[in-house]
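Following: one structure in structure tokens, then a few remarks.
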Amino acid sequence: MVHRNNDRKLLQFLHHELELSKADIAVALRHREFDKGPIPMLLWQYGFIDLEQLDKIFDWLADHA
């Protein structure tokens, strides 16, 4: 499912810094297999995060690219 080190770090950030539940993250990961969308956008589309949190994720991604 998630193999790259950056994906693991992103998932840790989502869980620890944004306090998303593992269940919410798992839903996004399952939908990612079908929708082929990026995890942050899927989390936002399904209502697990708001726009402020989405900005934080994009900032984190920019810092860790």
Side-chain angles (χ1 to χ4, degrees):
M1 199 151 76
V2 176
H3 300 287
R4 295 186 348 213
N5 192 35
N6 284 345
D7 284 346
R8 281 190 216 110
K9 288 181 181 181
L10 173 60
L11 297 180
Q12 289 174 346
F13 170 78
L14 294 172
H15 184 65
H16 296 291
E17 297 297 322
L18 297 184
E19 298 180 355
L20 293 176
S21 72
K22 290 182 180 184
D24 291 347
I25 295 168
V27 168
L29 291 174
R30 279 194 304 276
H31 284 277
R32 179 174 141 179
E33 293 175 14
F34 301 109
D35 296 339
K36 304 295 184 208
I39 294 171
M41 292 305 298
L42 292 171
L43 289 167
W44 178 71
Q45 287 174 336
Y46 288 100
F48 295 124
I49 60 173
D50 59 28
L51 287 175
E52 183 179 329
Q53 291 170 307
L54 184 61
D55 280 340
K56 286 180 183 180
I57 295 170
F58 286 141
D59 288 344
W60 184 91
L61 288 169
D63 291 343
H64 294 86

All ring-ring contact (aromatic ring centres under 6.0 Å, His included) counterparts of His64, not counting sequence neighbours: Trp60
Residues which pass side chain to side chain contact (heavy atoms under 4.5 Å, CB included) with Glu19, listed by chain and number, not counting sequence neighbours: none
Name every donor-acceptor pair, under 3.5 Å, that has one atom in a side chain of residues 11-18 and the other anywhere in the protein, sequence neighbours excluded.
residue : atom : partner : partner atom : Å
His15   : ND1  : Leu20   : O            : 2.9

Donor-acceptor pairs are to be reported for all side-chain atoms of residues 39-53 against protein atoms at under 3.5 Å, with residues two or more places apart or in another chain.
residue : atom : partner : partner atom : Å
Tyr46   : OH   : His31   : ND1          : 3.0
Tyr46   : OH   : Asp35   : OD2          : 3.3
Asp50   : OD1  : Glu52   : N            : 3.1
Asp50   : OD1  : Gln53   : N            : 2.8
Gln53   : OE1  : Asp50   : N            : 2.9

Partner residues of Asp55 under the side chain to side chain contact (heavy atoms under 4.5 Å, CB included) criterion, sequence neighbours left out: none
